[in-house]
Amino acid sequence: MTTLTQISNDTTPSGGDRPKPEWRKYFGFSHDHKVIGIQYLVTSFFFYLIGGGLAAAVRTELATPASDFVSPELYNSLFTLHGTVMIFLWIVPSTAGFINYLVPLMIGARDMAFPRLNAVAFWMLPPSGLLLMSSFFVGPASAGWTSYPPLSTMGPVAGELIWILSVLLLGTSSILGAINFIVTIWKMRVPQMGWNDMPLFCWASLATGILALVSTPVLAGALILLSFDLVVGTSFFNPTGGGDPIVYQHMFWFYSHPAVYIMILPVFGMISDIIPVHSRKAIFGYRAIAYSSIAICFLGLIVWAHHMFTSGTPPWLRMFFMFATMVIAVPTGIKVFSWVATMWGGKIQLNSAMLFAMGFVSMFVIGGISGVMLAAVPFDIHVHDTYFVVAHFHYVLFGGSVFGLYSGMYHWFPKITGRMLNEKLGKIHFALNFIGFNLTFLPMHKLGLDGMNRRIAEYDPKYATINMICSIGTLLLAVSTVPFLINAVRSWFWGDRAPANPWNGLTLEWTVSSPPPVENFAVDPIPACHPYAYGKRPASMVTSPPPTPIST
Amino acid sequence: MTTTTSTHLTTETITEHHHPHPDHRILGLYMFLIAEGMIFVGLFVAYFTFRAVAPGMQGELPKLELMLPGINTIILVSSSFVMNRGQLAIKKNDTKGLQFWFGLTALMGATFLAGQLYEYFHLEFGLKSSLFASTFYVLTGFHGLHVCFGLILTLAVLWRSRSADHYNEHSHFGVEAAEIYWHFVDVIWIVLFILLYLF
Amino acid sequence: MNVPSQVITLLFGIGLTLVSLWYGYNHHLLPIAASKEAVLIDELFNVMMVISTGIFVLVQGAILFVAFRYQREEGDETDAKYIHGNIPLEIVWTAIPSVIVLALSLYSFDVYEQIGGLNPMDHSSHQGVRQEISNKKQKMQSNGVQEAAVMNAEMPGMAMPLAADDSAVTINVSGMQFAWLFNYVGTEVTTGELHLPVGRDIILNLTAMDVLHAFWVPEFRIKQDAVPGRTIPIRISPTVEGTYPLICAELCGAYHGVMRSQVIVQSERDYNAWLSEQAVAMKEQNQDADSKNSVSTVALYPELLSDTEYLAPYAKKLGVTVDHLQAIQAQQQS
Ligand code: HEA
Ligand code: HEA
Ligand code: CUA
Ligand SMILES: [Cu+2]
């Protein structure tokens with residue numbers, strides 16, 4: 001792309017003449033994509049704490065072999081809600097929060113394509129989350145986050161119905177969000193920005209939007225049928241009435257497999273933007289990374305039945321799904337190797353954002369590799385529904401998505417709040433998190449291979465030691481959130497003022513003040529260079545303000 | 001479904017590099033319809049799978065009366081063409097024409113719904129009689145809800161068209177949106193009719 | 001010392017291969033392999049462990065390396081050298097994973113075929129596994145069954161319980177909240193723990209009575225969901241005598257975690273003795289008019305029965321009486 005003159009909007013650190021933060025707008029029906037982004041992030045983090053609290057209860061029960069902490073029914077509800085909250089109320093909405101906040105800034109737009117729709121999508125989140133929590137008063141759903149019939153239609157009706165309604169609402173919210181993301185990225189870029197000049201986060205967000213748009217409705221269909229079975233007593237999925245429970249599984253996984261990519265693709269995008277900045281080096285293989293997001297998007301739609309290798313799916317289908325699943329390792333591998341190659345020969349600053357980014361790559365690879373093992377049908381037959389699977393998905397979801405989200409928070413916190421985070425607390429957070437995470441989930445591989453199945457409150461005493469280690473790891477994980485919370489709250493109010501471009505990055509969000517003004521850009525910005533032109537950035541960008549934070 | 005055009009307006013007044021901000025609502029509507037379509041695709045595929053493997057749907061399925069649904073289909077399909085004339089009318093600034101054709105569409109839609117209800121009350125099976133019956137009611141019922149929604153959109157357009165120049169040849173997003181939605185509902189019905197009644 | 005980089009790469013490659021091979025075959029992660037299938041699956045797992053260890057060491061090593069080697073110097077505000085790609089390198093790291101996954105899926109396909117996953121009832125396609133145990137005389141009679149099995153596999157969901165030829169022991173298995181019932185086809189015997197003769201082929205016809213359950217014996221490496229309204233056949237060839245846990249691996253309600261039983265693999269002689277003993281006991285019980293109240297021989301896992309506080313409400317709800325059992329038996333044998 002030709003180098004054009006940079007039209008800087010406001011590169012001076014935002015001083016005291018900034019309008020006083022109107023905190024009340026964060027509780028209202030704001031149309032501003034930045035306010036909505038923050039609303040998403042804060043709300044979903046709140047639910048992360050709740051989901052984590054539920055996980056802590058699960059691990060407390062599992063610390064000893066006997067079922068002694070909660071009743072077995074309640075235990076089932078605990079992991080059901082843990083899974084549901086973590087997926088639908090934490091990872092999915094927090095990635096939506098980042099997309100909302102960053103995409104318009106990155107493509108030089110003043111807002112999303114449909115600001116009001118955006119607010120509607122967000123405001124479906126708190127009520128459905130509270131609705132879900134309220135089911136604790138009536139006996140919550142207890143059939144797992146997968147909610148397989150006929151079990152799910154035989155338990156407590158009220159709790160299950162609440163679960164269905166809540167997930168339907170969250171699904172709708174995510175569809176409305178997806179419409180906004182796709183149209184915004186497609187149509188709202190500044191005219192000078194071609195597809196291949198977009199930051200990689202936008203590519204990833206586009207792929208995410210497509211996936212959410214196409215797959216979420218099928219889950220809605222499944223849940224509609226399930227609620228008829230539950231409430232009216234039809235038998236779509238109940239064999240005693242002539243129905244077929246496997247059909248539900250197909251419909252559920254047609255959404256929920258793509259959903260795992262909905263949860264990881266935006267994080268891939270964030271990492272692709274964070275690593276070059278802190279390595280001061282151009283991204284390696286821009287197009288390969290961009291197009292592999294699209295490849296993962298389409299492959300992700302045709303592999304769902306790998307969750308059903310033991311359900312009684314016809315064998316030739318299993319073979320197809322095994323192959324399709326394994327192929328996803330190729331585009332994902334391209335990304336991983338490109339990230340490593342980006343860092344190779346770079347000038348890496350090991351700050352909290354970068355530590356979490358590197359932790360992400362390293363942990364995700366472990367989860368990815370165990371994923372490929374799971375895809376091998378004969379082996380999956382052994383480990384399906386065991387702690388090996390639990391280990392796999394926590395490595396990709398926690399080691400992947402959560403590490404990546406933390407990295408994003410450290411990286412963009414200065415932009416979002418106008419304040420710097422404390423690096424020392426950040427590093428403590430990383431260290432505790434990294435150790436706690438591996439302590440919790442690495443031993444689970446062994447548990448599963450050795451014969452411990454998942455979703456059980458009581459287990460063979462021979463697994464007691466390993467489970468105790470996992471539970472201690474959880475304690476460490478819980479403790480690790482404390483430095484982060486202190487850091488975030490303290491810095492938000494009293495942290496050092498952040499300059500417009502603290503990391504010396506090249507994407508457009510760094511050209512506006514921190515935090516950016518309402519409507520982002522006073523004049524349409526013209527990108528001065530490719531977002532990853534480290535090493536050949538135009539002279540005007542070299543003399544950008546020094547990265548030292550300006551103290552107040 | 002209206003967006004804040006205000007943001008666009010303000011930016012236009014202060015931007016030096018003036019370029020028109022195109023209205024993306026139609027594109028957004030298409031995206032929404034992709035999502036809606038996927039719900040129906042999911043349900044259709046579930047129906048197929050039931051027919052292929054579910055014990056409750058093997059062998060003879062209940063014979064459905066074709067006369068009434070056939071007429072209903074003709075009404076619904078032709079209403080799409082009727083509606084299109086309304087849109088053509090407003091493109092010529094002919095509000096009266098819009099009102100006439102949209103009114104007729106609404107009438108036809110209501111007739112369709114009435115016919116559907118009549119059929120429901122005269123079928124010999126109920127919602128829970130068999131797997132086929134359940135699928136039949138859920139599919140047609142879910143489609144019926146969409147017809148209702150389309151009807152409401154059409155009536156809303158009629159209501160708004162009372163104030164002079166609410167719609168004109170340049171600005172008639174509501175008219176277009178209602179029409180696109182109606183065509184969508186129509187296409188879904190055709191697929192559904194073939195699947196449930198003829199196939 | 002000035003070692004050329006090719007030599008370093010070569011040494012590194014050899015080291016990586018050795019470490020991966022060593023760990024892949026010395027991981028001690030799996031329980032003992034007590035069936036023919038388990039041996040095949042373990043070999044697949046070991047191969048995957050070798051590959052995984054290689055990728056793991058490579059990627060983690062690279063990340064650690066860059067983290068230490070390429071740190072930014074204090075006060076250095078300049079960019080690193082501009083490199084935006086390297087086509088040959090990218091081709092290599094696209095091609096190698098492609099080859100790996102292609103090979104892995106072919107290999108998995110082969111293992112799957114050998115363990116009879118493609119068609120559990122078809123004996124001819126996996127003679128490799130079965131040669132030692134299958135009896136030539138009996139093999140010749142199995143053609144009819146084979147055809148039925150092929151039909152069966154083509155119509156998923158329509159599967160019917162199948163009686164295999166007499167080279168294989170056929171057992172009808174049904175899961176219910178929260179116990180397993182095993183009906184030994186051709187006999188009256190119904191039990192709650194599974195007895196199997198070593199060295200024979202076993203066909204299990206799995207079904208469930210209420211919700212989904214899953215039959216899993218970690219030492220056999222075999223798992224299959226039991227689906228209400230369907231009968232799904234699986235094949236196992238136990239090779240090592242012993243007692244192994246039998247686990248329900250699909251969430252099936254509050255007591256899913258205690259829906260466990262055991263598999264006793266014994267010598268053919270012991271097995272036959274046990275079977276006739278059970279047959280006698282069953283017969284006596286059937287004749288006994290009062291037996292309606294005695295659930296003692298009903299095959300619930302003894303550990304469960306002792307936990308009456310767990311199961312009391314459920315046993316009642318299920319109404320697991322002898323009548324019930326006979327009904328199941330009749331249903332399964334018809
Ligand atoms: C963020 C979420 C996420 C992600 C990204 C993934 C990624 C993958 N998953 Fe995972 N998965 C889950 C979340 C996720 N998964 C969840 C939640 C479940 C359980 C649901 C439930 O039952 O409750 C699950 C379960 C699950 C199963 C079912 C297990 C079972 O229940 O029996 C399978 C089986 O195939 C599988 C496979 C894979 C594969 C192949 C990938 C691939 O995309 C991974 C690709 C990545 C790599 C391979 C690493 C990088 C690549 C290289 C370094 C190149 C070289 C590598 C090779 C050649 C191998 N996953
Ligand atoms: C993004 C997704 C995500 C994340 C981040 C996590 C995080 C964690 N998960 Fe979770 N997990 C799932 C998704 C996730 N999980 C899913 C989908 C399932 C499957 C459910 C099913 O089978 O249906 C599952 C299942 C699952 C199980 C298996 C249960 C079973 O099968 O019986 C276990 C067991 O150890 C577990 C543990 C943990 C732990 C210890 C954490 C930790 O990492 C959590 C650490 C965080 C904290 C500890 C929070 C700290 C804060 C506090 C403690 C303060 C408390 C505050 C308040 C209550 C306000 N998870
Ligand atoms: Cu039966 Cu779990
Ligand atoms: Cu998956």
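Residue numbers begin at 1 in each chain, while the letters A, B, ... track the order of the sequences.
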Region of [X] in contact with chain A, defined by heavy-atom distances below 4.5 Å:
{"X": "C:Gln71", "result": "both"}
{"X": "C:Ala95", "result": "neither"}
{"X": "C:His28", "result": "backbone"}
{"X": "C:Trp93", "result": "both"}
{"X": "C:Glu73", "result": "neither"}
{"X": "C:Asn86", "result": "both"}
{"X": "C:Ile247", "result": "side chain"}
{"X": "C:Phe220", "result": "neither"}
{"X": "C:Leu89", "result": "side chain"}

Rounded distance [0.5 Å steps], [atom1] in [X] versus [atom2] in [Y]:
{"X": "A:Met373", "Y": "C:Met48", "atom1": "CE", "atom2": "CE", "value": "5.0 Å"}
{"X": "A:Phe379", "Y": "C:Ile41", "atom1": "CZ", "atom2": "CD1", "value": "9.5 Å"}
{"X": "A:Ile369", "Y": "C:Ile51", "atom1": "CD1", "atom2": "CD1", "value": "10.0 Å"}

Ring centers of A:His382, C:Trp216 separated by less than 6.0 Å: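 They qualify: ring centres under 6.0 Å apart.
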Ring geometry between C:Tyr70 and A:Trp344 (parallel below 30°, tilted from 30 to 60°, perpendicular above 60°):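 Ring orientation, 0 to 90° scale: tilted.
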Expected output: side-chain C:Asp79 to main-chain A:Lys536 donor-acceptor under 3.5 Å: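 Such a contact is absent between C:Asp79 side chain and A:Lys536 backbone.
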Test item: C:Gln224 side-chain N/O and A:Thr310 main-chain N/O as donor-acceptor pair under 3.5 Å: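 Present.
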Charged N-O contact under 4.0 Å between A:Asp460 and C:Arg260: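 Answer for the salt bridge query: yes.
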